[in-house]
Amino acid sequence: PDEFKKSFKDNLFFERDLVVGHRDFEKIAKFINKKKDFYLVTGFASSGEFHLGHRAIIDLYVYFRKFTKTGNFVICDLDAYVSRPDKKISSLSEARAYAVNNISNALSLGVPPSDIVLQSKRDSEYFSLSHEIMKRITFNTMKATLGHTDLGKFSATCLQISDILYPQVRDGGAFTLVPVGIDQDPIVRLARDVYKKINKNFDAPSALYISHVPGMRNPQEKMSKSGSSISLIEPLSSIKSLIDGSFTGGKSTEEEQKLNGGNPEGCPLYQLYRFYHPDSKFVENIYQSCLSGKLLCGSDKKSALDFLTN
């Protein structure tokens with residue numbers, strides 16, 4: 001809604017329409033306006049290196065963290081282990097090794113050290129809550145929500161819901177904001193459904209959704225596929241290779257693009273500017289220049305490489 005864009009106009013995710021949905025965010029907006037505290041919660045499975053897709057959520061978390069005193073940034077090593085096949089994560093030790101790097105990245109991007117939580121190191125109340133959640137969600141509900149019957153992913157989902165609801169264990173009725181990607185809405189909906197079965201004093205968690213940073217090879221996929229993502233510790237040579245080989249919104253030939261213009265909306269390079277470039281005038285100029293055919297893909301790739309590496 002426009003009222004949120006006005007209230008948070010200093011945040012580029014709102015300004016550039018990258019916030020694409022919410023659930024009960026108006027409650028949190030009122031708390032922020034009245035300078036009242038709330039809980040901030042997000043998390044990531046430690047199944048690999050953080051990439052630019054993760055950074056968008058981290059940046060949103062850090063932005064809202066300045067409005068409240070309490071945040072939980074969960075590194076989900078148990079989730080990563082139980083929900084991934086052995087060829088991806090073969091042991092809990094492997095998930096924890098990734099967790100160390102993930103924590104380092106999160107801290108470097110401004111997440112307060114006191115907010116960092118490792119899922120496997122949670123206290124007994126957390127695991128009691130997760131078991132209570134398992135008892136309250138039926139097999140058919142899980143299957144209908146997730147679209148499959150992978151028991152590892154069922155377990156991971158219950159852990160994720162526990163991460164969302166846990167701040168209320170010692171403070172029932174506390175308002176909670178969960179900033180995540182739009183694909184996490186099914187998990188949030190389950191949390192908003194089960195909370196009242198756990199404790200009548202709990203409050204329905206609020207959520208804020210942003211769109212995905214697209215993959216470099218396929219803009220229809222989010223940036224998580226191997227060979228299509230740029231990690232936060234990507235070597236310079238690898239970044240160049242990914243940019244050079246990226247999909248673009250250009251036409252088949254230079255002449256055709258100059259005549260008919262390109263498609264910036266379908267170009268991962270434009271989307272990187274849209275998510276991360278600090279100058280909105282620059283982003284708008286890229287959009288219009290591509291659309292009109294003035295900007296060709298070769299020049300755009302050089303510009304994107306310069307932006308990402310400098």
In this structure, would [X] and [Y] fall into the same cluster of hydrophobic residues linked by side-chain contacts under 4.5 Å?
{"X": "Y98", "Y": "I103", "answer": "no"}
{"X": "Y195", "Y": "Y126", "answer": "yes"}
{"X": "V100", "Y": "I58", "answer": "no"}

With under 30° as parallel and over 60° as perpendicular, where do the rings of [X] and [Y] fit, or are they tilted in between?
{"X": "F154", "Y": "F139", "answer": "perpendicular"}
{"X": "H54", "Y": "H51", "answer": "tilted"}
{"X": "F64", "Y": "F25", "answer": "perpendicular"}

With side chains defined as the heavy atoms from C-beta onward, is the minimum distance between [X] and [Y] less than 4.5 Å?
{"X": "R274", "Y": "D17", "value": "yes"}
{"X": "V213", "Y": "Q271", "value": "no"}
{"X": "R23", "Y": "V178", "value": "no"}
{"X": "R217", "Y": "L242", "value": "yes"}
{"X": "V117", "Y": "F73", "value": "no"}
{"X": "P167", "Y": "T70", "value": "no"}
{"X": "L208", "Y": "F4", "value": "no"}
{"X": "L52", "Y": "L232", "value": "yes"}

Residue pair Y273 / S303, side-chain donor-acceptor N/O under 3.5 Å:
yes

Checking Q168 against D203: is there a side-chain donor and acceptor pair closer than 3.5 Å?
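The answer is no; no qualifying pair exists.
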
Heavy-atom neighbours of K153 NZ exceed 12 at 6.0 Å:
yes

Can you tell me how far CD of E132 sits from SG of C158, rounded to the nearest 0.5 angstrom?
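It comes to 11.0 Å.
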
Among F38, Y39, F175, F67, whose ring pair (Phe, Tyr, Trp, His ring centres under 6.0 Å) with F31 holds?
F175

Quick test of your reading of the model: are D77 and K121 salt-bridged, counting only N-O distances below 4.0 Å?
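No salt bridge links D77 with K121.
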
Less than 4.0 Å between a side-chain N and a carboxylate O, is that true for D185 and R189?
yes

N/O donor to acceptor pairs below 3.5 angstrom from side-chain atoms of residues 255-263, sequence neighbours left out:
| residue | atom | partner | partner atom | Å |
| --- | --- | --- | --- | --- |
| Q257 | OE1 | K251 | N | 3.1 |
| Q257 | NE2 | L295 | O | 3.1 |
| K258 | NZ | E254 | OE2 | 3.2 |
| N263 | OD1 | E265 | N | 3.4 |

